[in-house]
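A, B, ... follow the sequence lines: proteins, then strands. Residue 1 opens every chain.
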There are 2 protein chains.
Amino acid sequence: MAALNERKKRILQAVVAGYIQTADPVGSRTIARTCRIGLSSATIRNEMADLEEMGYLSQPHTSAGRIPSQKGYRYYVDNLMTPGNLPEEEASAINHSLNINKMREIEQIIINAARVLSYTTSYTSMIMGPQYKKSTFRQMRILPLDEKKGLVVLVTDSGFIKNKVIDLHQSLSPVELQQVVTYLNQKLFGLTIDQVTTSLINELKRDLFRRMEILEQAFILLEESLKEEQQVRVFLGGTTNILNQPEFKNVDKIKRMLALFEQESLLFNILEKNLSAEGVIVQIGSENPVEEIQECTLITAAYKINNKTLGTVGVLGPTRMNYARIIGIVRFLVDKLSDSLS
Amino acid sequence: MAALNERKKRILQAVVAGYIQTADPVGSRTIARTCRIGLSSATIRNEMADLEEMGYLSQPHTSAGRIPSQKGYRYYVDNLMTPGNLPEEEASAINHSLNINKMREIEQIIINAARVLSYTTSYTSMIMGPQYKKSTFRQMRILPLDEKKGLVVLVTDSGFIKNKVIDLHQSLSPVELQQVVTYLNQKLFGLTIDQVTTSLINELKRDLFRRMEILEQAFILLEESLKEEQQVRVFLGGTTNILNQPEFKNVDKIKRMLALFEQESLLFNILEKNLSAEGVIVQIGSENPVEEIQECTLITAAYKINNKTLGTVGVLGPTRMNYARIIGIVRFLVDKLSDSLS
DNA sequence: GTTAGCACTCTAAAGCCATGAGTGCTAACC
DNA sequence: GGTTAGCACTCATGGCTTTAGAGTGCTAAC
């Protein structure tokens, strides 16, 4: 890629900055006036024509100003922009909303995070709930509720708690039940939920059958309670924020966007792709694998619980996005969220 | 209210039916043609003028057909309409989606119900999750997780399970802890969560202090875990469905509507108002106390868990709604949901 | 290499007209 | 008296033209 000279950089920068602010194509005269570049509009016009030829800018129609192309945004993000520091008040708003009550459950913390993230960015936020199956088994209990029912409680190291009401097989006495539970706890301790496969369960089942001759039911519950929880939830915030952007003033686009927000599994896929990457990721327009958001930019970062990467935070806005600001916010929030959840 | 003669009823019925179907104002000629009423358009025009004067119909502008007014819809719902029976396939779709897996948690069942409800109606559905505080305390357990943390599990009669991680005060030995828990279970059994007030808790606290001198922390947990859960969740389905209605083709309305959907507490208030009523309730336009939905109709009904009314199901659509059909669906779903959750 | 000037392009908003659906009224009809 | 045919009138809608304004590209002068 041909490097841009200093002047072209400044002009590209000016176009991006201007377009981010106003959402209107930026003309040469505007640039000449606003940023003290010491050049006439005609000169700037020439440079802009060059930039367009190189693919950094484009024109919606002949007699309009220029807008950054995807390549232009990419160059801006990679070379021209410096991520902003958060203003004091925003930082403390984020801190506040994650720390109200130390006793809060994971889910509540995440819901709050999604809310504050969409609020401060004015875009739509999405946070992937912690990946249950990547966390490790800590213990399992069965509480008898009455003669016919029991409550299974399953605890993992990331503080994930899963419970499920099950039918207790009548032939299982409390003592036997306790034995089964103890055995399972021994065997499963320290494994990730991922590792508790059907084959492992079958193995344990055979092993146990040899010792006592009951408990079909006890296993079904284990399988169920582990397996079914595979779908991780995605929490959204400010789904309507994105509608305030001028690029979404036609009803069809709005519908397509909102329809996307209802497809939790698709959102999950989007976020999950960036789970293992380090730092803040910026995906501009068609860099995004999912078609529905190829007119948008997605900024994501992964959070950790007890040093284990378990989920992803994202902000979705138009490609005409305030990159510097949003990157700063996402970086900050992801750190705080990791602290809060650990 | 002056009673309508037979002919006026038929015409009102025809206008409502026509407008529900097409969303276009209904003209006199259309009625003369479609419903074999044996009258010329001129006669129908006269009758329509009467109906307009009485307030049952209105005209968007002089040269348009008539549309039902709110009063017109109300008359239609009260006197002209007969709620429809569900087609076999819809009924079985509902049945199916509530029964996939008997072991499912309450939340999953409700999410499914919201989904199937919005799908079959093509409107937006909202279901208020079961009211935790109206259900009665069954038992409480504390599971030690490690030296510093414990898990409180609280079970109610409607199958509601609430858990919370707490810090265990170091001075509390396992045996003592067990004693506290046993004592609390005795005292609280059979009370509704509502009845577990702060003053009752304080009383118990004083009582226990006399017997042993520990456990500040144990009480904090109880208070927290009971109190904080007051906000009941509302589950939505098909939030974008309502955008397909022609009355929502302007972006501002869409935004206001969607903003409403993000305010869970407001939705809760809306649904909670109809919690204690019997049967299916139809609220048309401004009959609705909440301003944001005064251009809509809300059809609600309450569901029961073990014969206790604990939540409400609702369908939100334009006032131009297929009342007969939707009322039938809501009635059916609420019955099935009550069965499923009991 | 830079800039002033000018003709040209193209969108968005405003105004205009034709169309057609539907009405209200009147006079004739049964 | 109720019903109907006929007709003039109203008004939203969509297509068309016009205008204004912003911005460009090019050329010629600096």
Side-chain angles (χ1 to χ4, degrees), chain A residues 4-12 14-19 21-69 72 246-247 249-251, chain B residues 4-12 14-19 21-69 72 246-247 249-251:
Chain A
L4 299 181
N5 65 32
E6 214 41 55
R7 204 163 73 180
K8 285 202 173 54
K9 283 187 191 173
R10 282 197 63 183
I11 290 174
L12 178 54
V15 174
V16 173
Y19 189 61
Q21 246 198 344
T22 65
D24 284 324
V26 182
S28 52
R29 233 182 80 84
T30 319
I31 293 183
R33 260 186 294 117
T34 55
C35 75
R36 328 204 135 287
I37 200 171
L39 291 172
S40 77
S41 65
T43 312
I44 294 173
R45 270 206 290 286
N46 288 331
E47 294 286 26
M48 281 164 93
D50 289 354
L51 283 167
E52 181 170 358
E53 204 177 354
M54 296 190 219
Y56 294 102
L57 296 179
S58 74
Q59 255 182 322
H61 57 267
T62 14
S63 76
R66 301 303 208 291
I67 62 179
S69 67
E247 27 271 278
K249 64 184 169 201
N250 106 45
V251 182
Chain B
L4 299 181
N5 65 31
E6 213 40 54
R7 203 163 72 180
K8 285 202 172 55
K9 282 186 190 172
R10 283 197 64 184
I11 291 174
L12 177 54
V15 174
V16 173
Y19 189 61
Q21 247 197 345
T22 65
D24 283 324
V26 182
S28 52
R29 235 181 79 83
T30 319
I31 293 183
R33 260 186 295 117
T34 55
C35 76
R36 329 205 135 285
I37 200 171
L39 291 171
S40 76
S41 64
T43 312
I44 294 173
R45 271 206 289 287
N46 288 331
E47 295 286 26
M48 281 165 92
D50 289 354
L51 282 167
E52 181 170 356
E53 203 177 356
M54 296 189 219
Y56 293 102
L57 296 180
S58 74
Q59 256 182 322
H61 57 267
T62 14
S63 76
R66 301 303 207 290
I67 63 178
S69 67
E247 27 273 277
K249 63 183 169 203
N250 106 45
V251 182

Nearest-neighbour nucleotide for the Arg45(B) side chain, dG24(C), dC10(C), dA4(C) considered:
dG24(C)

Please round to the nearest 0.5 Å and tell me the distance separating atom CD of Glu47(A) and atom OG of Ser28(A).
12.0 Å

Listed nucleotide nearest any side-chain atom of His61(B), set dA22(D), dA12(D), dT23(C):
dA12(D)

Whole angstrom is fine here: how far is it from CD in Glu47(B) over to P in dG1(D)?
16 Å

Among dT3(C), dT23(C), dT10(D), which nucleotide sits nearest the side chain of Met48(B)?
dT23(C)

Given atom CG of Asn5(B) and atom P of dG1(D), what is their separation to the nearest angstrom?
18 Å

If you go through the side-chain atoms of Thr43(B), does one of them form a donor-acceptor pair with the base of dT3(D) closer than 3.5 Å?
no

What integer distance in Å separates Asp50(B):CG from dG24(C):P?
10 Å

The side chain of Gln59(B) lies closest to which of these nucleotides: dC10(C), dT23(C), dT24(D)?
dT23(C)

Tell me which nucleotide among dG24(C), dA4(C), dA21(C) gets nearest to the side chain of Ser40(A).
dA4(C)

So, does Ser28(A) get its side chain near the phosphate of dT24(D), meaning an N or O under 4.0 Å from OP1 or OP2?
yes

Tell me whether the side-chain N or O atoms of Arg29(B) pair up with the base of dG20(C) as donor and acceptor below 3.5 Å, since no angle test is needed here.
no

Which listed nucleotide (dT4(D), dT10(D), dT23(C)) is nearest to the side chain of Leu39(B)?
dT4(D)

Asn46(B) side chain: which of dA22(D), dT3(C), dT4(D) is closest?
dT4(D)

Measure from the side chain of Thr62(A), starting at C-beta and using heavy atoms only, and say which of dA5(D), dT9(C), dA21(C) lies closest.
dT9(C)

Expected output: side-chain Ser41(B) to main-chain Ala32(B) donor-acceptor under 3.5 Å:
no

